[in-house]
2 protein chains.
Amino acid sequence: MSHAPPSSSSSRPAHGLSLAELIEAEEGRGLLACFAERALGEGALFDQADRDQILIVRRGRLRVYLATHERELSLAYLAPGDVFSTHTRAQIVAQEETTLLLAPRRAIERELAAYPPLQAAVIRVLARTLGQSITLIEDLAFHSVRGRIARYLLRGLARRGEACAVGAQIRLELTVEEIAALLGTARQTASSELSAMIREGAIARLGRGNLVVLDPAALRAWAGEPQSG
Amino acid sequence: MSHAPPSSSSSRPAHGLSLAELIEAEEGRGLLACFAERALGEGALFDQADRDQILIVRRGRLRVYLATHERELSLAYLAPGDVFSTHTRAQIVAQEETTLLLAPRRAIERELAAYPPLQAAVIRVLARTLGQSITLIEDLAFHSVRGRIARYLLRGLARRGEACAVGAQIRLELTVEEIAALLGTARQTASSELSAMIREGAIARLGRGNLVVLDPAALRAWAGEPQSG
DNA sequence: GAGTGTCTGTCAGTCGGCTGACATTGCGCG
DNA sequence: CGCGCAATGTCAGCCGACTGACAGACACTC
């Protein structure tokens, strides 16, 4: 799961193929046979009946979230190439027309021995997901809403490899409400805090859905990062 | 990581050997060679220099936690047989005299192909850890302190396979302060809430560090579980 | 242009949980 | 036994965040 918004899918270092790349490649031909394609219309809930499935997004966008009757917490948005597993307690909904590949977890486990690169791919996905979970736990346990927003903005920059410097632009690809759900807070609180951060001169609006960094040090301080330089 | 207190180590279903069992078994002999033994005295911090290590607890007890300058959040207590990896941002401290087995992650990855059962073991550890992380996220995002305490108590019962019925006993193996750290709250708040739950008759004290369930329905309601029966 | 829906900003009221402070209990040990 | 220390229970004061409500901004359609 990519904790950031519309995740630019596979940014894989030289460790090996991602699961998505693997099944498209030559050596994954047999593996591909395990998967069935499925289409989801916009707003369609992924049926919780098919648990224990591995899914790969081919096209579209999925939102993964935890829910109670009264509140929802988004865990991630999945873009084409992203991989997820339904055996967690998370729900999944299609944000737009989406097609995905599905395979039962048992089948994948059976293939593990046959496709050595598959092991590494699966472990890598799990490790990355775990890392993002810990980021979320840190957010919820240690950081105020303002800090979480600052961290969210900094992650957005880091994901593109941009430094947090004066003039750096941040494209908000989600609505305030969606960001609030991702940070575990209410829409109104996120809106107020963001406004306050602008009023205090740390950032500025640049048209609809765009921000510019004015005071990197303030952002980093709110994010609870060690001040360097 | 076992989210519960002093985790009764391996309660593995019939899926295969755990990593800890695997390295002790015949077929793990070569694997064992990757590991070096290390001893930690009580209160010793696991050196953050050796990142990217797989560790297996042999004897003693470790606490895994996230920390800032001003606060700590315990993620898990590791008992003999438990497995963890240091590549997360978590810190580790020995609660008592502890000995553990250490292997570089790279070495383990190299062995993956040679020991097919190892793949399953590693994936299982990661999946379990991820599941516990999601439980913690649910706690922090959806449940009040009272709810988290109720959920903690219910998990304790479930872990022993006991039902939450009138008269069921709960052994608190941690101090209130340690429980608070595990639930992401302050010591005082945890203490007050626990006292209130007792005052309201849902549970009762039974000597030092022991509780009895008096009103299972109340506990389940606080925990936010669907009321059945 | 008017009408409609969505996204957004903002406010007052309320409450849960944190902080700091202090009293109490229980246990180990000289 | 009495001292000391750790673990607890409890309180008042404060603050951050949620709730509900409403108004403005923007995009789309007819």
Side-chain angles (χ1 to χ4, degrees), chain A residues 5 42-43 63 67-74 95-96 139-152 170-200 203-211 222-224, chain B residues 5 42-43 68-74 95-96 139-152 170-200 203-211 222-224:
Chain A
E42 180 173 342
R63 183 171 70 99
T68 64
H69 345 277
E70 46 215 2
R71 195 196 307 236
E72 289 188 2
L73 174 68
S74 297
Q95 295 284 103
E96 53 188 63
D139 267 13
L140 295 173
F142 297 138
H143 296 281
S144 66
V145 169
R146 178 167 304 198
R148 287 180 230 170
I149 294 177
R151 282 159 63 86
Y152 175 77
I170 303 172
R171 174 89 163 273
L172 293 181
E173 285 160 318
L174 299 175
T175 68
V176 171
E177 180 151 27
E178 288 168 329
I179 294 174
L182 214 35
L183 301 182
T185 185
R187 193 213 100 223
Q188 296 93 321
T189 307
S191 175
S192 306
E193 286 300 315
L194 193 58
S195 300
M197 291 163 80
I198 291 169
R199 209 177 312 123
E200 294 175 28
I203 48 181
R205 276 184 224 285
L206 198 73
R208 198 133 177 105
N210 278 297
L211 299 172
W222 285 328
Chain B
E42 179 173 341
T68 64
H69 345 277
E70 44 215 2
R71 195 195 307 236
E72 289 187 2
L73 174 68
S74 297
Q95 296 283 102
E96 54 189 61
D139 267 14
L140 294 173
F142 297 139
H143 297 281
S144 66
V145 169
R146 179 167 304 196
R148 288 179 229 170
I149 294 177
R151 283 158 62 86
Y152 175 77
I170 303 172
R171 174 88 163 273
L172 293 181
E173 285 159 318
L174 298 175
T175 69
V176 171
E177 180 151 26
E178 288 168 330
I179 293 174
L182 215 35
L183 302 183
T185 185
R187 193 214 98 223
Q188 296 94 319
T189 307
S191 174
S192 306
E193 285 301 314
L194 192 60
S195 299
M197 291 164 81
I198 291 170
R199 209 178 311 121
E200 294 175 28
I203 47 182
R205 276 185 224 284
L206 198 74
R208 198 134 179 105
N210 278 296
L211 299 172
W222 285 328

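Residue numbers begin at 1 in each chain, while the letters A, B, ... track the order of the sequences.
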[Y] and [X], any side-chain heavy atoms less than 4.5 Å apart:
X: A:Arg148; Y: A:Leu140; answer: yes
X: B:Glu178; Y: B:Arg187; answer: no
X: A:Leu172; Y: A:Ile179; answer: yes

A:Arg151 CZ to A:Leu183 CG distance, which is reported to the nearest 0.5 Å: 10.0 Å
Distance in Å, A:Glu193 CD paired with A:Ile198 CD1, rounded so as to fall on 0.5 Å steps: 11.5 Å
side-chain contact (heavy atoms from CB on, under 4.5 Å) partners for B:Ser144, two or more places apart: B:Arg146
Residues in side-chain contact (heavy atoms from CB on, under 4.5 Å) contact with B:Arg199, at least two apart in sequence or another chain: B:Ser195, B:Ala196
Residues A:Arg63 and A:Glu72 bridged, charged N to O under 4.0 Å: yes
Sugar-phosphate, base or nothing in reach of B:Ser192, heavy atoms under 4.0 Å: base
Under 4.0 Å protein heavy-atom contact, by nucleotide of nucleotides 15-21 of chain C - B base, S sugar-phosphate only: --SBBBB
Give the rounded distance in Å between these two atoms: [atom1] of [X] and [atom2] of [N].
X: A:Ile149; N: C:dG9; atom1: CD1; atom2: P; answer: 10 Å
X: A:Leu174; N: C:dT8; atom1: CG; atom2: C1'; answer: 15 Å
X: A:Ile179; N: C:dC7; atom1: CD1; atom2: P; answer: 13 Å

Span of DNA chain D, from the first to the last nucleotide whose atoms fall under 4.0 Å of chain A heavy atoms: D:dA17 to D:dC26
B:Glu177: salt bridge (Lys or Arg N to Asp or Glu O under 4.0 Å) partners, not counting sequence neighbours: none
Side chain B:Glu200, main chain B:Met197, donor-acceptor under 3.5 Å: no
Axis-to-axis angle between the two ends of the helix from C:dG1-D:dC30 to C:dG30-D:dC1 (five base pairs per end, rounded to 10 degrees): 30°
